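Quick caveat: nothing in here was measured; it's all calculated off a predicted structure. Hydrogens, waters and symmetry mates are skipped; everything else that's a heavy atom, side chains included, is used. Counting begins at 1 with the first residue of the sequence.
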Amino acid sequence: MRNIRDIATQVIDTEASSILGLKELLTDDFEKVVNLILNSKGNVVVSGIGKSANIAQKIVATLNSTGTTAVFMHAADAIHGDLGMIRDEDIVIIISKSGETPEIKVLTPLIKIRNNKLVAIVGNTKSFLASEADYILDATVPHEACPNNLAPTASTTAQLVMGDALAMTLLECRGFTSDDFAKFHPGGALGKRLYLRVGDVCVKNATPMVSKDDVMTKVIIEISEKLLGAAAVMDDNKLIGIITDGDLRRMLMKHPNIEEVKAKDIMTKNPKTINKNDLVVNALELMQDKSITQLPVMEDNKYVGMIHIHDIIKEGII
């Protein structure tokens, strides 16, 4: 048997070559399909059978998450009742490598009778499916990654990439933003990165603060009690600095008699801050950029709280 890595490398090379080949297969039909979907009042119904059905489900998920309403219809189930899910305004996309499977041959004429526009993502442009389709998105591959040229590998990858190209083109044409994306992804770390704001997190925390003239005993107690590893230094209700656990350790090494030291003597002046309405992911980026673990939180130029990197970790954003 050949070296295992050599086999894997050849599979990757074969599939990569198939994907790059799609650029040469794009025709005016791709642009027509994009405009058709953009101007449609219906859904995009994506169908297939076998491995192509699995790809169809992934394409439906991508379309739905990026602003194009889509539904999956298994080709075999369609000819046994599920055809009823298609409405007059819907656009139907059928995915098939050969374009000649029995279920596809039964389904395709039924779509045509209903007068729905039919788009074929197909690996054989001379097939029955291609001949019946209104638009053809050519996903032909020269060879499967399978050494026997049997298992759907390069062909399903090409189908998936063609679907992604369609979804991302529609996304850009619709002006779909990260805020729109967040509306469809409210759960999990991805959603939180797009909608969770600093104020949503820091509201759970205490608000550690000391006066600029406070002695170290008070500073240490404040930082210890508030459990955020830092305290804001205030002067006349204005934030002028921050003291962290690290500042305290360095102070103890330099000043044996801590009673002679005041907050203003060891604070970091003009600390980096974050607005309450900023996204938590922005706070994380600032912390990482400046190699710090806490940020004072501001609202209308007033200190309102503290966010710690551990808060962000707890939210699952990192």
Sequence-distant partners of Ser127, side chain to side chain donor-acceptor pair (under 3.5 Å), two or more places apart: none

By side chain to side chain contact (heavy atoms under 4.5 Å, CB included), which residues pair with Ala230, not counting sequence neighbours? Ile242, Thr244, Gln294, Met306

Using links of under 4.5 Å between side-chain heavy atoms of ILVMFWY residues, direct or through other members, which residues join Leu248 in one cluster? Val210, Met216, Val219, Ile220, Ile223, Val233, Ile240, Ile243, Met251, Leu252, Ile258, Val261, Ile266, Met267

Side chain to side chain donor-acceptor pair (under 3.5 Å) filter on Asp82, not counting sequence neighbours, yields none

In Å and rounded to the nearest 0.5 Å, what is the CG to OG1 distance from Leu25 to Thr125? 9.0 Å

Do Lys238 and Asp235 meet the salt-bridge criterion of a basic N to acidic O distance under 4.0 Å? no

Classify the ring geometry of His310 against His308: parallel below 30°, tilted from 30° to 60°, perpendicular beyond 60°. tilted

If I take atom CD1 from residue Ile313 and atom CD from residue Glu315, how far apart are they, to the nearest 0.5 angstrom? 11.5 Å

Cluster membership besides Ile221, Ile/Leu/Val/Met/Phe/Trp/Tyr side chains within less than 4.5 angstrom, sorted by chain and number, is none

Side-chain H-bond candidate by donor/acceptor type, Asp29 with Thr27, under 3.5 Å: no

By side chain to side chain contact (heavy atoms under 4.5 Å, CB included), His143 pairs with (sequence neighbours left out) Asn149

Ala61 backbone acceptor or donor facing Asn64 side chain under 3.5 Å: no

Within this structure, what is the CG-CD distance for the pair Leu129 and Glu100, rounded to the nearest 0.5 Å? 8.5 Å

Would one find more than 12 heavy atoms of other residues, nucleotides or ligands at under 6.0 Å from atom CG of Asn257? yes

Whether the side chain of Lys112 engages the backbone of Glu132 through a donor-acceptor N/O pair (distance < 3.5 Å, no angle test) should be reported. yes

Strictly below 4.0 Å, N to O, side chains only: are Asp300 and Lys276 in salt-bridge contact? no

List, by chain and number, the other hydrophobic cluster members for Met253, where Ile, Leu, Val, Met, Phe, Trp and Tyr join if side-chain heavy atoms come within less than 4.5 Å, directly or indirectly. none

Could you check whether any side-chain N or O of Thr153 sits under 3.5 Å from a backbone N or O of Ala151, counting only pairs where one atom can act as donor and the other as acceptor? yes

If you measure only the distance, is there a donor-acceptor pair under 3.5 Å linking the side chains of Lys58 and Thr62? yes

Set of residues satisfying side chain to side chain contact (heavy atoms under 4.5 Å, CB included) with respect to Arg87, sequence neighbours excluded: Asn43, Glu89, Asp90

Under 3.5 Å, side chain of Asp289 to main-chain N/O of Glu285, donor-acceptor pair present? no

Just wondering, are more than 12 heavy atoms of other shown residues or ligands nearer than 6.0 Å to NZ in Lys264? yes

My understanding is that only residues two or more places apart in sequence, or in another chain, count here; which of them pass side chain to side chain donor-acceptor pair (under 3.5 Å) with Glu24? none

Rounded to the nearest 0.5 Å, the CG atom of Leu160 sits from the CD1 atom of Ile95 at a distance of 9.0 Å

Note, Glu299 side chain near Val198 side chain (heavy atom, < 4.5 Å): no

If the condition is side chain to side chain contact (heavy atoms under 4.5 Å, CB included), which residues does Val161 pass it with, not counting sequence neighbours? Ile19, Leu22, Thr157

Mind checking who shares a hydrophobic cluster with Leu279, ILVMFWY linked at side-chain heavy-atom distances under 4.5 Å? Val281

Can you list everything that forms a side chain to side chain donor-acceptor pair (under 3.5 Å) with Asp278? Sequence neighbours excluded, please. none

